[in-house]
Amino acid sequence: MENSSTVIGPRGLIKRYEFVRAIVQCLYSLGYQKSASCLESESGVSYKSPEFKKLELQILNGDWDGCIDTINAFVDLNHETRASVLFLVFKQCFLEYLNRGDDSLALNLLRKRVPSLRMSKEKVHNLASSILCLKEMELGKIDEDDLRKRLLAELERLLPPPVVVPERRLEHLIETAVTSQVDSCLYHNSPVALSLYEDHCCGRDQIPTETVQILTEHNNEVWFVQFSNNGEYLASSSSDCTAIIWKVLEDDKLTLKHTLRSHQNPVSFVAWSPDDTKLLTCGNAEVLKLWDVETGICKHTFGDQGFTVSSCSWFPDSNRLVCGSPDPEKGIFMWDCDGNEIKSWRGMRIPRVSDLAVTPDGENLINVLSDKEIRILNLLTRLERVISEEHPITSLSVSVDSKFFIVNLNSQEIHMWDVAGKWEKPFKYMGHKQNKYVIRSCFGGLDSTFIASGSENSQVYIWNRQNSKPIEILSGHSMTVNCVSWNPKRPQMLASASDDHTIRIWGPSQSKDMQREKLI
């Protein structure tokens, strides 16, 4: 056998014996049986330890007493693991007794041997219930050899090293190394599998940094933009009292699909239904309207002229929506698409609502109340959690995986919180300018790796979520950038809306000639 203390690698951190053993295991798992066996023979390193080989032989031969003695002889096996391993062995023995018709031996094992392991009553009851399961099967015809092989597979997953090599160990080590490189890469934004031949490092050309199109159809300040969930449309709203639905073409160009004209006041925001067939638009201090995306026809108007909506959000079924009002007497409403009220939250506990969102999984309703308070209501458990910020909150955005949300503060900071409530403090992002206006930010990129935000200094800021300082500052707009939206299906496409009456579409850096051609 090879000297187990020999080390390899430039830093001398890898034990040669363990490394070869992991390679052999990997070859077996990939189906290269001959290569694995050849390496074992040439290196003198076996994928299975002598202890496990002995245990394997005893199990395959049905030597249960010898098997128990071997397990009890394992060194550095904690009580819980040892008990779990013995329980599996007793379970196998118990099933085989039943299969052979030795009910008395099976019951004796259940009464005397199993209780000594101090396992939970639930496990013991599950074992006992195996009797009922076996009665439904043809006793005496169960393949004991197959059951024993399954037991060995379970023990391999349960026993600790060095008795066994953890399952797919080499793959896990390599994947961990690759993941570490990805996590440290500020610009990683591609779903393409990484090469093992070189260390990974993305350039800034992986994220949107250049203007590739300017949309000028709005006649006044553009206050809001949002891509559809399927990434095929963009909706925008403006102080010119209109909203526009844009179609994203295959070449990443956007073209006007519908101009929605019905509001009497500036349109402050829009919200896509999860199935992208419907769009909500809200007039500033005005009613909420529901539009059919395909036809551009207004299907319903919610409320009346005296009803003021500050924000709205959809539930995952695309049939229910919730909206909040800055009027404390109105509170929060849940409606169906026909305007029927399903539920409402009013009263002293629901003061002025400035923004809200339903998490994409439909489990939580997040509200921004009275400027500085965030209230998270779990719609399943009815449990509530409150977060207090020191400065006024202007907007709220939730990650696609429903795990995180960000809020913009007029203190020129963006705070990220976890929805589950495990964090005591938020992660903070700084660098942009905001102290007077409503500025909206968003998650974006591959796996929502990035955060983007508008700014009062006419620029767009992009952060990697793990870094509090911006990695990119995009120039192009001439006035305040009110809102940004990252295409959820095209991780290299970003939209920004500005008081300069334009929407800019941002893409990866290109040559100057190509950029000039696309802007024409």
Side-chain angles (χ1 to χ4, degrees), residues 183 226-227 229 269 271-275 280 310-318 320-324 331-334 343 345 349-409 411 413-430 438-453 462-468 483-486 488 491:
D183 289 344
Q226 188 178 69
F227 280 105
N229 301 285
F269 69 87
W272 289 94
S273 62
D275 64 6
L280 289 170
S310 59
S311 55
C312 67
S313 183
W314 288 90
F315 281 88
D317 59 13
S318 294
R320 294 171 298 152
L321 57 110
V322 63
C323 66
I332 299 172
F333 285 86
M334 184 193 299
K343 188 176 179 60
W345 294 266
R349 295 184 67 256
I350 306 294
R352 188 169 70 88
V353 180
S354 57
D355 206 350
L356 59 73
V358 176
T359 53
D361 59 14
E363 292 186 6
N364 292 278
L365 173 61
I366 305 175
N367 307 292
V368 176
L369 308 175
S370 299
D371 291 337
K372 298 181 182 180
E373 183 178 287
I374 304 167
R375 189 169 296 176
I376 304 170
L377 172 64
N378 187 299
L379 298 169
L380 303 177
T381 65
R382 315 307 299 173
L383 294 177
E384 204 172 67
R385 182 165 63 93
V386 176
I387 298 171
S388 296
E389 291 281 10
E390 294 182 5
H391 300 277
I393 302 167
T394 66
S395 64
L396 163 72
S397 182
V398 182
S399 62
V400 175
D401 61 10
S402 302
K403 294 181 179 179
F404 307 97
F405 66 90
I406 48 179
V407 290
N408 279 59
L409 310 176
S411 60
E413 288 185 351
I414 297 171
H415 289 182
M416 179 171 72
W417 293 91
D418 70 313
V419 174
K422 296 178 181 178
W423 298 359
E424 293 184 3
K425 296 180 179 179
F427 199 96
K428 301 179 180 181
Y429 305 92
M430 295 160 281
V438 173
I439 301 294
R440 298 182 184 273
S441 57
C442 69
F443 291 92
L446 183 70
D447 298 326
S448 297
T449 302
F450 305 99
I451 288 174
S453 178
I462 297 176
W463 295 262
N464 182 292
R465 266 172 49 179
Q466 300 184 52
N467 199 319
S468 62
C483 182
V484 293
S485 180
W486 212 302

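Computed over heavy atoms, backbone and side chain alike; hydrogens, waters and symmetry mates excluded.
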Any residue meeting ring-ring contact (aromatic ring centres under 6.0 Å, His included) with Phe227, in chain and number order, not counting sequence neighbours: none
Which residues pass the side-chain contact (heavy atoms from CB on, under 4.5 Å) test with Leu383, sequence neighbours left out? Thr381
Quick one: does any side-chain atom of Asn367 pair with a main-chain N or O of Leu369 as donor and acceptor, under 3.5 Å? no
Using the test ring-ring contact (aromatic ring centres under 6.0 Å, His included), find all partners of Phe404 that sit at least two apart in sequence or belong to another chain. Trp423
Taking Trp486 for the side chain and Cys442 for the main chain, is one N or O donor matched with an acceptor at less than 3.5 Å? no
Do the side chains of Phe269 and Cys312 get nearer than 4.5 Å, heavy atoms only? yes
Is any side-chain heavy atom of Phe315 closer than 4.5 Å to one of Leu321? no
Check salt bridge (charged side-chain N to carboxylate O under 4.0 Å, His left out) between Asp183 and all other residues, then give those that pass, not counting sequence neighbours. none
Using every non-hydrogen atom in the two residues, find where Lys428 and Ser468 come nearest and quote the distance to one decimal. O-CB, 3.0 Å
Flag side-chain contact, heavy atom, 4.5 Å: Met416 against Trp463: no
For the residue pair Leu365 and Val322, establish whether any side-chain heavy-atom pair is separated by less than 4.5 Å. yes
The side chain to side chain donor-acceptor pair (under 3.5 Å) partners of Asp361 (sequence neighbours excluded) come to Thr359
Value for CD1 (Ile366) from CG (Leu356), rounded to nearest 0.5 Å, stands at 10.0 Å
Side chain to side chain donor-acceptor pair (under 3.5 Å) with Ser273: which residues, sequence neighbours excluded? Asp275
Roughly how far, to the nearest 0.5 Å, is the CD atom of Glu390 from the NE2 atom of His415? 8.5 Å
Could you check Asn364, Asp418, Ile387 and say which one makes a side chain to side chain contact (heavy atoms under 4.5 Å, CB included) with Phe405? Ile387
Using ring-ring contact (aromatic ring centres under 6.0 Å, His included) as the criterion, list what pairs up with Trp314, not counting sequence neighbours. none
Look only at the side chain of Ser395 and the backbone of Ile439, and say whether a donor-acceptor pair between them is shorter than 3.5 Å. yes
Here the pair of heavy atoms bringing Asn229 nearest to Pro488 is O-CG, 3.5 Å
Check whether Asn378 reaches the backbone of Leu380 with its side chain - one donor and one acceptor, N or O, closer than 3.5 Å. yes
Set of residues satisfying side-chain contact (heavy atoms from CB on, under 4.5 Å) with respect to Val400, sequence neighbours excluded: Ser448
Only counting residues at least two apart or in another chain, list the ones meeting ring-ring contact (aromatic ring centres under 6.0 Å, His included) with Phe427. Tyr429
Measure the shortest side-chain to side-chain distance between Arg382 and Leu377 over non-hydrogen atoms and say whether it is less than 4.5 angstrom. yes
Once rounded to the nearest 0.5 Å, what's the spacing between atom CE of Met430 and atom CD of Glu413? 5.5 Å
Closest non-hydrogen atom pair between Ala357 and Val398, with its separation: CB-CG2, 3.7 Å
Once salt bridge (charged side-chain N to carboxylate O under 4.0 Å, His left out) is applied, do any residues pair with Asp371, and if so which ones, sequence neighbours excluded? Arg352
Side chain to side chain donor-acceptor pair (under 3.5 Å) partners for Ser453, two or more places apart: Asn408
Is the backbone N or O of Ser485 less than 3.5 Å from a side-chain atom of Arg440, with the two atoms forming a donor-acceptor pair by type? no
What closest approach, in Å, do Ile393 and Glu373 show between heavy atoms, and which atom pair accounts for it? CD1-N, 4.4 Å
Taking all non-hydrogen atoms of both residues, which atom of Gly362 and which atom of Leu379 are closest, and how far apart? O-CD1, 3.6 Å
All heavy atoms of Asp355 vs all of Leu396, minimum pair found to be OD2-N, 2.9 Å
Any side-chain to backbone donor/acceptor pair from Ser354 onto Val368? Under 3.5 Å, distance only. yes
Out of curiosity, His391 NE2 to Lys372 NZ, how far, rounded to the nearest 0.5 Å? 7.5 Å
To the nearest 0.5 Å, atom CH2 of Trp417 lies from atom NZ of Lys422 at 15.5 Å
Does Arg465 have any side chain to side chain donor-acceptor pair (under 3.5 Å) partners at least two apart in sequence or in another chain, and if so, which? none
